[in-house]
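Below: one structure, written as structure tokens.
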There are 4 protein chains.
Amino acid sequence: MNDRSPAPELIAPSTRGNESAILNAALDAFGEQGFNGASMRDIARGARTSLSNLYNYFPSKSELLAELLRRANDEQLARTRHAANAEATTAAERLRAAVKAYVGFVVDHQVAALVAISEIRYLAGKNREHVVEARDQTQAIFEEIVADGVSAGEFTTPYPGDAARNITAMCSAISTWYRPEGRLSKTQLAEEQSRYALALLEARP
Amino acid sequence: MNDRSPAPELIAPSTRGNESAILNAALDAFGEQGFNGASMRDIARGARTSLSNLYNYFPSKSELLAELLRRANDEQLARTRHAANAEATTAAERLRAAVKAYVGFVVDHQVAALVAISEIRYLAGKNREHVVEARDQTQAIFEEIVADGVSAGEFTTPYPGDAARNITAMCSAISTWYRPEGRLSKTQLAEEQSRYALALLEARP
Amino acid sequence: MNDRSPAPELIAPSTRGNESAILNAALDAFGEQGFNGASMRDIARGARTSLSNLYNYFPSKSELLAELLRRANDEQLARTRHAANAEATTAAERLRAAVKAYVGFVVDHQVAALVAISEIRYLAGKNREHVVEARDQTQAIFEEIVADGVSAGEFTTPYPGDAARNITAMCSAISTWYRPEGRLSKTQLAEEQSRYALALLEARP
Amino acid sequence: MNDRSPAPELIAPSTRGNESAILNAALDAFGEQGFNGASMRDIARGARTSLSNLYNYFPSKSELLAELLRRANDEQLARTRHAANAEATTAAERLRAAVKAYVGFVVDHQVAALVAISEIRYLAGKNREHVVEARDQTQAIFEEIVADGVSAGEFTTPYPGDAARNITAMCSAISTWYRPEGRLSKTQLAEEQSRYALALLEARP
DNA sequence: AATGAATGAGGATTCATTCAT
DNA sequence: AATGAATGAATCCTCATTCAT
């Protein structure tokens with residue numbers, strides 16, 4: 001798989017009939033029109049099934065959104081965690097790896113990443129809790145690396161928590177502007193973004 | 001006015017009867033429920049007037065949103081531009097001033113800033129154009145300062161455009177998490193954020 | 001007003017636009033198809049207005065039913081109470097008057113009486129409470145008269161409560177079979193029914 | 001079997017797999033929510049089988065209701081007829097026996113009795129005819145006994161038909177209020193109710 | 001400027017029923 | 001006999017908007 005090839009599906013083909021078609025249609029609909037702007041009819045149309053059949057798979061529109069956000073946040077957490085846990089000698093190296101993984105997810109699943117940040121507000125209750133937790137855990141990974149780097153004298157930034165928040169904010173925002181045909185390939189963007197992250201932390205050269 | 005005192009109203013009391021009450025109610029409603037989640041009934045209730053009376057002030061829900069976003073983006077542009085134009089000897093000083101002004105707007109009008117980034121997608125046509133233009137002009141101010149600084153050898157960042165985008169992204173994101181009762185006062189946050197911006201640009205010390 | 005003339009409206013013409021038309025249409029619809037069998041569309045059609053306009057008058061189908069049952073039970077209580085309170089020298093006379101009033105309501109507002117007994121089960125919460133209370137108060141009037149009659153030695157029935165229940169049961173059931181064109185006029189039926197009530201109580205001749 | 005022991009099942013275990021479970025679930029559902037308020041899904045859930053499997057047993061929801069009402073009315077008719085045909089020297093004795101049998105059914109199968117009177121309106125066509133016929137035959141038994149008693153000079157009520165109707169009305173209404181844990185056992189209630197019936201007929205002592 | 005009544009389109013969801021397996 | 005998937009029609013209700021006053 002090279003730098004411009006399609007990413008692995010976030011929503012893998014399901015054993016259960018139309019499930020993945022519905023999830024993908026919902027993702028598109030929420031991405032284009034927002035949670036409240038997209039109708040279940042839109043989603044059914046996108047999934048090439050009937051409106052009522054959606055309810056054989058998901059009990060409500062909210063649950064559909066919840067399932068999407070669960071998958072997106074879980075995958076982003078998994079990728080970031082995996083990168084952060086990889087063998088590395090310095091905090092700077094771990095941070096570079098984590099930023100690249102995080103950005104990689106945003107680029108590979110741009111719509112999902114966009115929906116994840118912009119539609120989470122429409123979740124409530126248990127569904128919200130799970131998704132928020134995954135999101136916070138991803139954030140915590142960055143905080144921990146920054147804190148480690150500060151302890152080790154690698155970074156000199158005064159507020160590790162705020163710095164980490166800025167890093168994820170600017171990486172998440174990529175989902176709002178990135179165009180695959182644009183100047184930057186996924187790898188280039190990931191590289192560049194990790195440099196900005198290290199600069200932000202005032203890493204020693 | 002000190003650091004924790006209320007900011008000047010984004011929506012000033014209007015000579016026109018209920019206008020400002022309606023705009024403020026719409027701002028709250030869009031902020032809490034999103035454009036499509038908020039109903040004209042909600043807004044009327046918030047403004048303590050009747051549903052049909054809204055249409056004596058604004059011809060449609062979309063125009064209401066447009067008016068809000070116009071005011072927000074225009075104000076943010078004005079503040080940022082004013083700061084960037086102030087007498088200053090270095091690009092770094094101008095950047096610091098611009099970031100502080102930008103952050104100041106986000107903190108003073110947090111809901112408006114949030115709505116401005118999250119609901120702009122629901123604008124179309126002329127309305128969208130005006131708002132996008134104001135937003136892009138604000139962005140352009142940062143790009144120009146960064147480019148100047150690079151030319152002058154003050155900043156060493158390789159991609160001025162991308163760097164400026166990251167700066168506004170992380171400053172805009174403040175609207176999603178800032179709490180006035182929290183650790184950081186408006187001034188502290190603005191200070192801190194401008195330091196992150198300069199770090200990101202790899203400003204020479 | 002003679003014995004076969006139309007009764008006064010249970011639902012008086014309202015000052016508020018379509019309100020009484022809606023209530024009457026709902027009464028007919030619930031009477032013919034039951035609460036769950038009647039649709040808001042049916043009711044709108046019957047009231048010659050649009051579906052959505054119903055909701056300008058009643059916030060939900062349940063509230064519509066509640067309003068109908070409130071009016072029916074309140075009116076039946078008022079009539080019965082008025083008759084029971086009228087000057088009378090004996091319990092038997094009071095009972096006769098109360099039965100006649102009760103039966104009079106059933107005949108005058110047969111559909112309302114039918115809906116009142118058959119659809120009360122679909123009420124819940126506060127609405128149910130109010131209606132049940134009116135119904136129980138009506139029942140209590142009969143119980144009290146019977147108890148008085150027993151104390152006075154006029155009636156010899158052993159269980160006043162059960163006897164009163166039987167009396168209202170058989171009078172309410174009239175709503176399920178009475179036909180105005182049939183053998184019995186309202187007055188005749190009321191007379192006859194009061195005789196059965198006294199017989200049931202084993203009134204001394 | 002004593003006075004408080006459970007009655008024989010109205011719906012006997014069937015040789016046909018889930019049939020009785022389905023009928024019982026339907027009875028419960030119709031009893032609790034009414035015919036239109038209960039869904040086939042509710043019934044399937046109650047019978048612990050799948051929605052579609054219901055249609056292997058009954059071709060439609062209406063047929064399910066019809067089968068229930070057939071069984072209920074047939075059983076009530078059979079019990080009442082059996083009691084009315086038993087050796088007896090007087091009309092009063094026959095009436096007492098018939099009332100006790102009728103009341104016995106209502107208490108033994110309270111939900112079925114309730115559904116029988118409240119949901120019969122949702123039957124149509126052939127199904128309705130059969131059920132109505134059984135109900136009318138049961139009614140006719142009482143009318144005949146009353147007429148006999150009047151002929152024999154045992155009862156002095158002037159309108160045998162109306163009196164009989166009142167008797168069945170008040171006995172059927174038992175299904176709406178009886179509680180097995182209450183003051184009256186089945187036998188006591190049946191006794192008491194037969195006394196009221198005779199009193200209503202103005203039976204000579 | 002202000003309102004209550006009105007409406008047609010559309011919202012999410014549930015319905016009884018059917019079909020393929 | 002049993003099931004999960006599927007569907008079109010219908011459910012209650014809300015929507016943004018208009019109109020008469």
Side-chain angles (χ1 to χ4, degrees), chain A residues 15-19 22 35-44 47-64, chain B residues 14-19 21-22 35-44 47-64, chain C residues 15-19 22 35-44 47-64, chain D residues 14-19 21-22 35-44 47-64:
Chain A
T15 58
R16 210 187 154 210
N18 278 321
E19 191 181 50
I22 292 171
F35 177 69
N36 280 306
S39 76
M40 290 297 267
R41 270 186 175 80
D42 294 333
I43 296 169
R48 297 179 186 284
T49 185
S50 69
L51 170 59
S52 42
N53 197 29
L54 297 184
Y55 291 86
N56 287 323
Y57 292 83
F58 300 95
S60 72
K61 194 184 175 187
S62 285
E63 287 296 333
L64 236 181
Chain B
S14 164
T15 58
R16 217 184 148 214
N18 278 320
E19 191 181 48
I22 292 171
F35 177 70
N36 280 305
S39 75
M40 291 296 267
R41 273 177 174 84
D42 293 333
I43 295 168
R48 296 179 185 284
T49 186
S50 70
L51 170 60
S52 35
N53 198 30
L54 298 184
Y55 290 87
N56 289 320
Y57 292 83
F58 300 94
S60 72
K61 192 184 175 188
S62 284
E63 287 297 333
L64 237 179
Chain C
T15 58
R16 209 186 154 210
N18 278 320
E19 191 180 49
I22 292 171
F35 177 70
N36 280 307
S39 76
M40 291 298 267
R41 266 186 177 81
D42 293 333
I43 295 169
R48 296 181 186 283
T49 185
S50 69
L51 170 60
S52 42
N53 197 29
L54 297 185
Y55 291 87
N56 288 323
Y57 292 84
F58 300 94
S60 71
K61 193 184 174 187
S62 284
E63 286 298 331
L64 235 181
Chain D
S14 163
T15 57
R16 216 183 149 215
N18 279 320
E19 191 180 49
I22 292 172
F35 177 69
N36 280 306
S39 75
M40 291 296 267
R41 274 177 173 82
D42 293 333
I43 296 170
R48 297 177 185 283
T49 184
S50 71
L51 170 59
S52 35
N53 198 29
L54 298 184
Y55 290 87
N56 289 320
Y57 292 84
F58 300 94
S60 73
K61 193 183 175 188
S62 284
E63 286 297 332
L64 237 180

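None of the values given here were measured: they were computed from a predicted structure. Convention: sequence-line order gives letters A, B, ...; per-chain numbering from 1.
Across the protein-nucleic acid pair, C/Leu54 atom CG and F/dC13 atom C1' stand 11 Å apart, rounded to whole Å. Distance A/Lys61 NZ to F/dT14 P: 15 Å, rounded to the nearest Å. Put simply, CZ on C/Arg48 is 17 Å from C1' on E/dT7, counting in whole angstrom units. For the pair D/Phe58 CZ and E/dT17 P, the interatomic distance rounds to 13 Å; values are reported in whole Å. We find that CG of B/Leu51 is positioned 8 Å from P of F/dA16, with the value rounded to whole Å. If you measure from atom CG of A/Asp42 to atom P of E/dG10, you get 11 Å, rounded to the nearest angstrom. Per the geometry, CD belonging to C/Glu19 stands 15 Å off P belonging to E/dG4, to the nearest Å. As rounded to whole Å, 15 Å separates atom P of F/dC12 from atom CD of C/Glu63.
Between D/Arg16 atom CZ and D/Ile22 atom CD1 the span is 8.0 Å, to the nearest 0.5 Å. Atom CG of C/Leu64 and atom CG of C/Leu54 lie 7.0 Å apart (nearest 0.5 Å). From B/Leu51, atom CG reaches atom CG of B/Asp42 across 10.5 Å, with rounding to the nearest 0.5 Å.
A 3.5 Å limit on both hydrogen-bonding distances identifies F/dT3 as the Watson-Crick or G-U partner of E/dA20. When both distances must be under 3.5 Å, the Watson-Crick or G-U wobble mate of F/dC15 is E/dG8.
Toward the 5′ end of DNA chain E lies the nearest nucleotide of B/Ser50, the other residue of the pair C/Gly17 and B/Ser50 mapping further downstream. Residue C/Asn36 is the one, among B/Met40 and C/Asn36, whose nearest nucleotide of DNA chain F lies closer to the 5' end (criterion: closest heavy atom). In terms of position along DNA chain F, the nucleotide closest to D/Tyr57 lies nearer the 5' end than the nucleotide closest to the other residue of the pair D/Tyr57 and A/Asn53.
Between B/Asn18 and E/dA2, a side-chain N or O to OP1/OP2 separation shorter than 4.0 Å is present. One finds no side-chain N or O of B/Tyr55 lying less than 4.0 angstrom from the OP1 or OP2 phosphate oxygen of F/dC19. Within the structure, every side-chain polar atom (N or O) of A/Arg16 is placed at least 4.0 Å from both OP1 and OP2 of F/dG4. Under 4.0 angstrom from either OP1 or OP2 of F/dT11 there lies at least one side-chain N or O belonging to C/Ser39. Residue A/Thr49 places at least one side-chain N or O closer than 4.0 Å to OP1 or OP2 of F/dT7. The side chain of D/Asn56 places no N or O atom within less than 4.0 Å of a non-bridging phosphate oxygen (OP1 or OP2) of F/dA1. Put simply, C/Arg41 has no side-chain N or O that comes within less than 4.0 Å of OP1 or OP2 on F/dC12.
In this structure, D/Ala44 reaches neither bases nor backbone, as no heavy-atom distance under 4.0 Å exists between it and the strands shown.
Side-chain contact check for B/Asn53 and B/Ser50: no donor-acceptor pair (N or O, by modelled atom type) lies under 3.5 Å.
The backbone N or O of C/Ser60 sits nowhere less than 3.5 Å from a side-chain atom of C/Tyr55 that would complete a donor-acceptor pair.
D/Glu19 approaches D/Tyr57 most closely through the heavy-atom pair N-CE2, 3.6 Å.
One donor-acceptor pair, N or O on each side, does fall under 3.5 Å between the base of E/dG8 and the side chain of C/Ser52.
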